[in-house]
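Okay, so here's the structure we're looking at.
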Amino acid sequence: MKKFKSLLLLSAFSMAAISGGSAFAADTDITIVLSEELDLIEPCMASQSNIGRVVLQNISETLAVLNPENGELKPRLALSWQDMGNGKWRYKLRDGVKFSDGTTFDAKDVKHSLDRTLSEDIACELKARYFGGMELKADIVDDLTIDFTAVPAQPILPLLISALTIVPEETPIKFTREPIGTGPYVLSAWNVGQNIILDRRDDYWGAKPEVSKATYLFRSDAAVRAAMVQTGEADIVPQISEELATNAKTDFAYPNSETTYLRLDHFIEPLGDIRVRKALNMAVDREAFLGTLVPKEAIIATHMVPPSTLGWLKDLKPLAFDVKAAKALVDEARADGVNVDEEIILIGRTANFPHATEINEALTQMFNDVGLNVKLQMREVGEWIDFYSKPFAEDRGPRMVTAQHDNSRGDPVFSMVWKYSCDGGQSGLCDKELDGLISKASAAAGDERAALWGPVFKRVHEDLVADIFLFHMVGFTRVSERLNYTPSISTNSELPLEEISFK
Amino acid sequence: MNKFILKRALASLVSLLFLVVAVFFLSRLTGDPTDLYLPVDASLASREQFRKIHGLDQPLMVQFFNYVRDLAVLDFGESIRRARPALDVVLEAFKWTLQLALITLFLVTLAAIIFGSLAAFRVGGMFDRFATFFSLIGASAPDFWLAIVAIVVFSVGLGWVPTSGTGTMMHWILPVTILFIRPFGLILQVVRSSMITALSAAYIKTARAKGAKAKSIIFIHALRNALLPIITVIGDQAAGMLNGAVIVETIFGFPGVGKLMIDSILQRDFSVVLASIMVTAFVIFLMNILIDLLYAVLDPRIRY
């Protein structure tokens, strides 16, 4: 019996050894649960969703911030910016800003941040996402003035620069695990595998946010994440599934800036025939998806970009669901010698978005119902991308690729060049007129720019019936009832703690 | 004894080398990590730069030669995703797996031996029937289902324990319990059958005839002789746990090596995949040696 008691005691001690005391939590401390642990807390990787949610505008700030509601840029570390012509933009920087390590923010830090992001020695995602295809440099004018010059000139350079996260000039050109920023919070602990803790700074240059401390936890199971708000273990869960979003008081749907669509390969028959592309569009009963396989809050898409994007045309309508008319178009094409009986492969990507497999299966059935011969292949991302991106295989057959595209930056240039120009890495077509329209719109600025994107969208959707647009998607976030926080389109990429207050 | 250990070490080293070659080339068959790390619309120049930074632009045999050369000085390479030495990443996760496995195994062994022995002592009795019934349920219920049900009932419903995480002792209760159930059922059955055999031996009858107490008959005379098959099964279960309890780690947000391995395979973080496999293989090798030595301690007839 003595030995048995000893064993029990040993067991209790071993449990005690692995336990830690729970720290005192203030009423203004919050806990956020992310879907996966961060691999890095690196400012130049902040375009990755979960890294952005921790870093952006919390630890690291940018020169300007995009307002997703109206597409306007709001000054942050920059006070103003001005087009100097020939691709050069002059930025006036905010005075009196300090990094969390106590050093003063000035133009040297901004230059270093750009040089570091563009460096050949580290693979920063910001560079791959926003600064490809141009020569970009920064020249210091004085401590609080800096020029950015892009070759070729970029009319939306301020929008591109607004993605640049600012680090002190001492930051080495390798990925850091201890990011220093000018933001209202400082990284105070990173317990790998367990949590990340941000504490509010007392010496922040801007208004003092209400949240005093944020603890980020990581749970890959959506049901567990959602339950954590229910049990009071967490306050915000940025990603829960639609099935779990059942409590109107805590669960919010928000447009997540993703658009689902099918990219059609115009270079191969029968997809090169506009009647077949129209038939494919008319075969899709989009309304039937809403509230079933796709959340009812999603919006039927007519553009590659979400409605908050510059130049978006509200008058564009999807081709109406009409099986009879679609069949007639297929028959007409067949009569003209188009090989409409050729097997068309629909390439889907597993887990690309909720119910991706079921949606692709339903689409395949709808296409076959109008007399086409479509076969579905679901692929893992590594295989799928070979079908989606150029160079396309020379000996390929007709293919459609289901994809989801994210544009939360408010300007169509991030989507339309890559997806629709002849040289676009994921373009399934080459139309010289469309190329001209895209070039013109990309080179314009201000109101003219907004006006010039309209004809691009119209050409893609109405004249060419280029692709099959499906839905502007929504995400679901669970927020504790003790918080005032409404998720928005930017919740997909950032979660500024300063936007959170307490009831 | 030393000769035995040396022989086993050499045999394990050969297996380990074979494993390195197989995993290195098989993992490369899954594709290029560039596709997963950069945005789908990253330019070709960005992709080439990424490949160059991580040595993925080199021919496969050159990559393999470089890997083996670095491995010879115990450099397991760098995690592409985490920009840190792969071995550090793995050891950090393995620490959690080891704690979880040791605590669970200790409790499972203790409970299975006590309940299995008592069940064997009165075969067909109420205790035996209950033990068999519950151990079969435990061995056949799916982990993920039990884990979710446990969270719904004990965390969300009753609020007794946290849903997940590692912060306090309370956080360990659900993961350890869920991990406990399946091996408990299995080991309990092995203990029971092994003890039934041991308890029917002539020396036990002699002990009974001499008036030895039941506790002494079960836990001193019979148990030691019944332990060999039990240790074999415990070793097998331990190897499984040391490879990581993926489902428990995923659901309870436990940062162990099982989830790390799966994530790294999906993310094509090759250095971490290889380092995880080598670390777990090495620990399992050590554990097997330990079990072999334990055989010799328990059974004087076994000598190396």
Side-chain angles (χ1 to χ4, degrees), chain A residues 1 4 7-8 10-11 14-22 33 36-37 39-40 42 47 120-123 125 127-129 132-133 174-175 177 192-195 217-221 223-224 227-228 230-233 380-383 385-386 388-389 403 405-406 414-415 418-419 424-426, chain B residues 30-33 35-47 49-50 52-54 79 81-84 89 92-93 96 99 102-103 106-107 110 114 148 151-152 155-156 159 162-173 176 250-256 259-260 263 267-269:
Chain A
M1 194 61 190
F4 181 65
L7 284 172
L8 283 179
L10 184 64
S11 156
S14 61
M15 292 294 273
I18 53 164
S19 70
S22 60
V33 192
E36 58 184 19
E37 175 162 24
D39 299 318
L40 298 163
E42 166 56 60
S47 47
E120 294 285 313
D121 298 327
I122 52 173
E125 193 179 288
K127 177 189 175 184
R129 195 176 279 268
K174 60 178 187 183
F175 286 138
R177 295 180 64 76
V192 176
Q194 298 175 74
N195 58 36
L217 304 175
F218 324 106
R219 302 287 184 268
S220 35
D221 192 278
V224 174
M228 289 175 78
Q230 229 174 318
T231 59
E233 290 172 70
E380 293 298 322
V381 60
E383 291 179 307
I385 202 162
D386 290 337
Y388 188 42
S389 295
H405 172 65
D406 171 27
F414 299 111
S415 308
W418 199 248
K419 307 289 180 193
Q426 283 144 6
Chain B
T30 59
D32 184 349
D35 297 336
L36 302 182
Y37 285 77
L38 295 185
V40 286
D41 42 6
S43 66
L44 277 176
S46 296
R47 288 173 187 274
Q49 185 202 346
F50 182 89
K52 198 174 163 196
I53 288 172
H54 296 289
S79 160
R81 209 157 176 99
R82 295 165 182 83
R84 307 170 54 206
V89 174
E92 230 156 40
W96 292 102
Q99 288 183 72
L102 287 179
I103 292 167
F106 171 73
L107 295 174
L110 191 68
I114 293 170
I148 294 289
I151 288 173
V152 170
S155 303
V156 179
T163 55
S164 53
T166 54
T168 65
M169 195 171 80
M170 298 300 280
H171 286 91
W172 289 67
I173 291 175
V176 168
T250 302
I251 292 179
F252 293 107
F254 224 85
K259 185 168 184 306
L260 175 74
D263 287 347
Q267 295 161 348
R268 296 180 191 156
D269 201 346

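Chain letters run A, B, ... following the sequence lines, proteins first and then strands; every chain starts at 1.
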Practice task
Grab the two heavy atoms, one from A:S220 and one from B:K259, that are nearest each other, plus how far apart they are.
Solution key: OG-CE, 3.0 Å
Problem - For chain A, the option from B:R81, B:R47, B:R268 that forms the most heavy-atom pairs under 4.5 Å - result: B:R81
Handout entry: B:S155 side chain reached by A:M228 side chain, heavy atoms, under 4.5 Å
Key = no
Exercise for the section: For B:F252, check ring pair (Phe, Tyr, Trp, His ring centres under 6.0 Å) against everything at least two apart and list the hits. Expected result: none
Handout entry: Distance-minimising heavy-atom pair for B:S46 and A:A128
Key = OG-CA, 3.7 Å
Problem - Per-residue contact mode, A:T231 against chain B (heavy atom under 4.5 angstrom) - result: side chain
Completion exercise
Ranking A:S389, A:G193, A:S47 by heavy-atom pairs under 4.5 Å to chain B gives rank one to A:G193
Practice task
Taking A:Q194 for its side chain and B:G165 for its backbone only, find out whether a donor-acceptor pair lies under 3.5 Å.
Solution key: no
Problem - Backbone N/O of A:I122 and side chain of B:Q49: donor-acceptor pair under 3.5 Å - result: yes
Handout entry: Which portion of B:I251 sits near chain A, non-hydrogen atoms under 4.5 angstrom
Key = both
Practice task
Measure the shortest side-chain to side-chain distance between B:I53 and A:D121 over non-hydrogen atoms and say whether it is less than 4.5 angstrom.
Solution key: no
Handout entry: Heavy-atom check, side chain of A:E120 versus side chain of B:K52, under 4.5 Å
Key = no
Handout entry: Engaged part of A:I385 at the chain B interface, taking heavy atoms whose separation is under 4.5 Å
Key = side chain
Completion exercise
Okay, B:L260 and chain A: the region with an atom under 4.5 Å from a heavy atom over there is neither
Practice task
For atom CD of A:E380, decide whether the heavy atoms of other residues, nucleotides or ligands shown that lie under 6.0 angstrom number more than 12.
Solution key: no
Handout entry: Check: B:I148 and A:D221 side chains under 4.5 Å, non-hydrogen atoms
Key = yes
Exercise for the section: Would you mind telling me which of B:Q267, B:H54, B:R84 has the largest number of heavy-atom pairs within less than 4.5 Å of chain A? Expected result: B:R84
Problem - Results of ring pair (Phe, Tyr, Trp, His ring centres under 6.0 Å) for B:Y37 - residues two or more places apart only - result: B:F50
Completion exercise
So, the part of A:F218 with a heavy atom under 4.5 Å from chain B: the answer is backbone
Practice task
Identify the two heavy atoms, one from B:P162 and one from A:E233, that lie closest to each other, and give their separation to 0.1 Å.
Solution key: CB-OE1, 3.5 Å
